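Reviewing the structure listed below.
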Amino acid sequence: RPRVLSGIQPTAGSFHLGNYLGAVRQWVAVQESHDAFYAVVDLHAMTIPKDPAELRHNSRMAAAQLLAAGLDPERCTLFLQSHVPEHTQLSWIVECLTGFGEAARMTQFKDKSAKQGTDHTSVGLFTYPALMVADILVYRAHQVPVGEDQRQHLELTRTLAERFNGRYGATFPVPEAHIPKETAKIYDLQDPGVKMSKSASTPKGIIELLDEPKTTAKKIKSAVTDTDTVIRFDQDKKPGISNLLTIHSTLTGAGIQELEDKYAGKGYGALKTDLAEIVTDWVTPFRTRTQEFMDDPASLDGILLDGAEKARSVASDTLRDVYDKVGFVPGRR
Ligand code: ATP
Ligand code: MG
């Protein structure tokens with residue numbers, strides 16, 4: 001079974017529908033066919049200042065939501081990044097392998113630092129890609145399920161894996177992007193030209209999975225559409241309706257053509273009413289399961305500690321091999 005590594009940041013309490021339909025749902029499928037390692041990347045979340053109590057809470061919430069969505073600790077390895085020190089240990093080696101200019105070309109850093117100004121930008125935000133490279137290489141992952149926004153960091157991972165192998169001998173598989181079919185990109189309900197995002201969307205534009213069902217229904221019903229009346233998929237001319245059709249189709253499995261036929265002659269209201277019901281029917285048991293995990297923090301932490309132990313057994317092997325290859329004198333084990 002090919003090995004995969006993927007991570008999600010605990011930047012907000014609730015995941016949004018884009019996180020689920022664009023990433024987490026695939027993780028659930030991938031655990032059946034792959035040797036899957038999934039991390040709540042709390043170290044990455046530190047690149048932007050965080051309140052300690054909130055970070056701790058959000059990390060547990062992220063894990064609870066992943067379990068509620070269907071990750072099974074018997075089928076995959078789920079852990080918190082900070083529980084596996086080998087990530088940061090390998091990340092130093094990766095930093096020393098990365099050119100300064102090479103890191104400075106990363107568009108995520110350029111975008112985020114331009115928004116914040118250099119005085120408010122941490123060195124951690126700059127070295128973030130090196131830590132991400134280490135996250136992947138420390139498991140010698142073959143594939144990485146990533147969204148479009150992470151493509152450049154994956155390219156860097158491939159470059160650095162090859163560089164390490166070239167300099168020190170074959171050590172890492174060069175990981176491929178794993179872009180599962182059925183991956184949907186979900187757009188902001190109020191501004192359907194841009195993606196739904198934890199950090200950029202307004203409350204009305206984002207469907208948070210842990211919202212009250214009433215709130216979810218209201219947000220869907222007030223989604224921005226267009227002045228036309230035909231329910232048809234057209235990303236450029238009708239981004240709002242297209243987004244609603246995508247959400248409907250990915251949650252129900254109905255084809256877009258099938259939905260266009262079903263709603264022929266009906267108004268936008270009918271589509272929105274049905275969709276509000278579909279989303280709340282899905283989200284309601286998800287919220288209950290998340291709450292059950294949050295109500296039992298001892299078992300939740302237990303699952304994460306077991307996951308970290310499995311992760312460390314792989315990561316420490318890799319790190320030992322790397323330390324040996326780069327020329328460190330063996331330490332005591
Ligand atoms: P931020 O705005 O803080 O970057 P985010 O909403 O992009 O947050 P991430 O934690 O960066 O969320 O992403 C987690 C996963 O969800 C990634 O695999 C990412 O590609 C995916 N994802 C995020 N937003 C969407 C979206 N609107 N549609 C589809 N997939 C998405
Ligand atoms: Mg993001």
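For reference, positions follow the sequence shown, starting with 1. These numbers were taken from a predicted model, which means no experiment stands behind them. Order of listing sets the numbers, starting from 1, for every ligand and every atom in it.
Nearest-heavy-atom check against atom 6 (O) of ligand 1 across His16, Gln108, Gln26 picks out His16.
Using cut-offs of 30° and 60° for the angle between ring planes, the Phe37 and Tyr139 rings count as parallel. Using cut-offs of 30° and 60° on the angle between ring planes, the pair Tyr263 and His248 is perpendicular. By the 30° and 60° cut-offs, the orientation of the rings of Trp27 relative to Tyr38 is parallel. The aromatic rings of Phe164 and Tyr168 lie tilted to each other, with the angle between the two planes from 30° to 60°.
Contacts between Ala23 and ligand 1 below 4.0 angstrom, taking non-hydrogen atoms only, involve the side chain exclusively. If you look at Asn19 next to ligand 1, the close heavy atoms, those under 4.0 Å, come from the backbone and the side chain alike. Neither the backbone nor the side chain of Gln150 has a heavy atom within less than 4.0 Å of ligand 1.
When each atom of ligand 1 is checked for a heavy atom of Gly22 under 4.0 Å away, the hits are 29 (C), 30 (N). Atoms of ligand 1 lying under 4.0 Å from at least one heavy atom of Ser197, given by number and element, are 2 (O), 6 (O). Against a heavy-atom cut-off of under 4.0 Å, Ile8 is close to the following atoms of ligand 1: 10 (O), 14 (C). Short contacts between ligand 1 and Ser199, defined as distances under 4.0 Å to a heavy atom of the residue, involve ligand atoms 1 (P), 2 (O), 3 (O). In the vicinity of Met196, heavy-atom distances shorter than 4.0 Å reach the ligand 1 atoms 24 (N), 25 (C), 26 (C), 27 (N). Close contacts between ligand 1 and Lys185 involve ligand atoms 28 (N), 29 (C) [criterion: under 4.0 Å to a heavy atom].
Defined by atom type and a distance below 3.5 Å, a donor-acceptor pair is present between the side-chain atoms of Tyr268 and Asp226. Side-chain contact, Gln81 with Asp135: a donor N or O sits under 3.5 Å from an acceptor N or O.
The protein heavy-atom contact nearest to atom 27 (N) of ligand 1 is Ile186 O, 2.7 Å. Shortest contact from atom 20 (O) of ligand 1 to any protein heavy atom: Asp149 OD1, 3.3 Å. Of all protein heavy atoms, the one closest to atom 7 (O) of ligand 1 is Lys195 NZ, 2.5 Å. Among protein heavy atoms, the minimum distance from atom 30 (N) of ligand 1 is reached at Gly18 O, 3.2 Å.
Between the side chain of Lys221 and the backbone N or O of Gly269 there is no donor-acceptor pair closer than 3.5 Å. A distance-only check finds a donor-acceptor pair linking the side chain of His16 to the backbone of Gly18 [under 3.5 Å]. Formation of a donor-acceptor pair under 3.5 Å by the Ser59 side chain with backbone atoms of His57 is not found in this model.
Within 4.0 Å of atom 11 (O) of ligand 1, not a single protein heavy atom is present.
Residue contacts with ligand 1: Ala184 is included, with a non-hydrogen atom under 4.0 Å away.
By the 4.0 Å N-to-carboxylate-O rule, Lys325 lies close enough to Asp321 to be salt-bridged with it.
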Asp211 vs Lys218, salt bridge (charged side-chain N to carboxylate O under 4.0 Å, His left out): CA-CA, chis, key distance, verdict: CA-CA 11 Å; Asp211 273 345; Lys218 209 193 246 162; over 6 Å; no
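At under 3.5 Å, a nitrogen or oxygen of Lys198, whether backbone or side chain, sits near a nitrogen or oxygen of ligand 1.
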